[in-house]
Each structure stands twice: as structure tokens, then as C-alpha cells.
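Everything on this sheet refers to the single structure shown next.
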Number of protein chains: 2
Amino acid sequence: MTAQRRVVAEVLDGRHVHLTADEVHARAVAKLPEISRATVYNTLGELVSLGEVLEVSTDKRAKRYDPNAHQPHHHLVCAQCGTIKDVHPSGNPLADLPDSERFGFKVSDVEVTYRGVCPNCSAA
Amino acid sequence: MTAQRRVVAEVLDGRHVHLTADEVHARAVAKLPEISRATVYNTLGELVSLGEVLEVSTDKRAKRYDPNAHQPHHHLVCAQCGTIKDVHPSGNPLADLPDSERFGFKVSDVEVTYRGVCPNCSAA
DNA sequence: CGCCACCATGGACAAAGTCCAAGACCGGGC
DNA sequence: GCCCGGTCTTGGACTTTGTCCATGGTGGCG
């Protein structure tokens, strides 16, 4: 656990938002100016492997990192401003996929993304 | 409707696979060698706006284009080889999102991605 | 004290996509 | 038939996002 990794962990910790790798880097630099992009990417990759952080790809521009890895949840995205909210739908989408639609896959995970327009953007 | 657009539409038409923009470009070039990348991107963008084609982002590397836009469906992705299958779960995930979890959003769409391992990869 | 393994660094590189200025093409009006 | 205006395509430069690699430093251990 080096100084650099601590900083990356601190950036994600607590603030329950969904940062891009670049944003993580920007905030890490604010705390530890000489940290490099490569290190941030390395560390994020390790956190993902450890299951401490989730990679989310709600848009195709950049990966986002979700510190809320320990509770299963899904995402609600504003189509206009890109805001992301965590949501907890009732029901289990995994159960909605009948065997006949599994094509022999071992299905292990589901990712649900709701899209819509947030109050802010629909007001504007 | 120019020659270039016809070619892009032809590439997507019929073959029910999920091509990346680059693959679309490669196949378009085979039919019309002087077509440029910019044109393919433009045309794909228009097809998406028209609702003729869907953008799918199952991995974060590249957008994929799904010609099966007129029938709602979701995707089953192999975590190892990236194969994509269309699936049709029972149930409606939109209905599973209670008002209390909508944060005032106008929710209009849901995208469900199942992840797993395909028979081929799990055999290997 | 010296060595070794690991890690961070920065810069180059790669992939995917966007933007822009210039030219081709097409249809309409004269 | 010819010019005009607009629209589309083109090619290339540029940006963004991410990965790779060689180098150098640091800490622990014998």
C-alpha cells in the first residue's frame, strides 16, 4: 500500500459519485502532484480486480468507476447531462432470462441501465 | 440517399450481427473503395437518429451498431470472447423501477446486458 | 551495507472518434 | 445548356482515452 494507492483509494472513498479515470487522476493530482496517469490506471485496475470498485460503462466515451461495489445496484442515466444515479429496482432480471434464451452461456451477471431525462434537464 | 449511404445501409441490412464502426467501414470499403471513415460515422449517426439502428456499448472499446432496432431486445455477452447474442427476457424491467427510485427522471428506456461465458469459451 | 524485487514514472504509442476546410455533385432557375 | 447555391463526401489533422515499456527509485532482508 503505497502513497499513490492510498490517494487513489481516498479519491473514491466516501463520495458516492461515478468518476471517470481522468477525473480520478485530476483529483489524485490535487493531493499528490507528481502522480502519473499510468499509476492511476494501474491502481484503478487493481481495485477493480480486488472487487473494491466497479467499472461502469454508461456512455462509450470513458470508463467510470463506482465505489459502491459491495451492494448490487443499477444505474439511471440522464440522456442529456450524463448524470448517473444508483437505483435499486425490485425484481431480479437474472430470473427473467429463461433457459431457452441463454444459448448455453453460464450467465453470471446482469447490468441494467435506465435512460431518461433528469428534472434539471427537462426543466431547461 | 446517396451511394455512400446506400452502402452503409446495405452492410447493416440483413446480417443480424453487431458490428463496430470500424467493421462497418471495412465492409463498406469493400463495396465502395473510396468511402471515407468520416462518411461512415456520419451515416451511422444519422441512422441512429432516425431510429433505424441502435448503438450498443457492451464493451468500452468501441461502439457497436445493431440493425435490429425495431424489436426491443437485450444482449447477452461473453466475458471472454465478446460474442453478443440478442435475448428476449420475460418481464419488463421498466416496471421494476418504483417511482421512489426515479428521482424525478422521465425514464424512457432500459438497456439490459447479461454477462457470462459462452459454451465455446467454457469448454476451452 | 548491498542486493533484489517491486513499484511509480513519464513518455511514446495505439485505438476510436470528431472536426473542419475544400471540393464534388445535384437540382432548380434562367 | 449554364450558373448558382446548397448539401454531401472526402481526407487529414486533431482529441480523447487508454496501454505499454524502459528507467529509476525505494524498502526490506540477508
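In the text below, chain A, chain B and the rest are named by the order of the sequence lines, each starting its count at 1.
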Legend entry - B/T20 vs C/dA16: side-chain N/O to OP1/OP2 distance below 4.0 Å: no

Legend entry - Under 4.0 angstrom between B/Y41 side-chain N/O and C/dT18 OP1 or OP2: no

For the backbone of [Y] and the side chain of [X], can you confirm whether one donor and one acceptor N or O come within less than 3.5 Å of each other?
| X | Y | value |
| --- | --- | --- |
| A/S90 | B/D96 | yes |
| B/H73 | B/Q71 | yes |
| B/T43 | B/T39 | yes |
| A/R102 | A/L97 | yes |

Inset, instruction - Please find the earliest and latest nucleotides of DNA chain D, in the 5' to 3' direction, that have an atom within less than 4.0 Å of any heavy atom of chain A. - result: D/dT16 to D/dC20

Legend entry - Contacting residues from residues 42-55 of chain B, given that a heavy atom lies under 4.0 angstrom of DNA chain C: none

Value in whole Å for how far the [atom2] atom of [N] lies from [atom1] of [X]:
| X | N | atom1 | atom2 | answer |
| --- | --- | --- | --- | --- |
| B/E23 | C/dA15 | CD | P | 14 Å |
| B/R37 | C/dC20 | CZ | C1' | 15 Å |
| B/H25 | C/dA15 | NE2 | C1' | 15 Å |
| B/D22 | C/dT18 | CG | C1' | 14 Å |

Ionic contact status for [Y] with [X], cut-off 4.0 Å:
| X | Y | value |
| --- | --- | --- |
| B/K31 | B/E10 | yes |
| A/R115 | B/E111 | yes |
| B/E46 | B/R5 | yes |

Inset, instruction - Treating Ile, Leu, Val, Met, Phe, Trp and Tyr as nodes and any side-chain heavy-atom pair under 4.5 angstrom as an edge, say whether B/I84 and B/L76 lie in one connected cluster. - result: no

Inset, instruction - Tell me what A/R61 touches on the nucleic acid: a base, only sugar-phosphate, or nothing, going by heavy atoms under 4.0 Å. - result: sugar-phosphate

Inset, instruction - Scan B/A38 against the nucleic acid and name what it touches under 4.0 Å (heavy atoms): base, sugar-phosphate only, or nothing. - result: base

Inset, instruction - Over 60° means perpendicular and under 30° means parallel, so classify the ring planes of B/H75 and B/H18, tilted if in between. - result: perpendicular

Inset, instruction - On DNA chain C, check which nucleotide each of A/L32 and B/K63 is closest to and give me the residue with the more 5' one. - result: A/L32

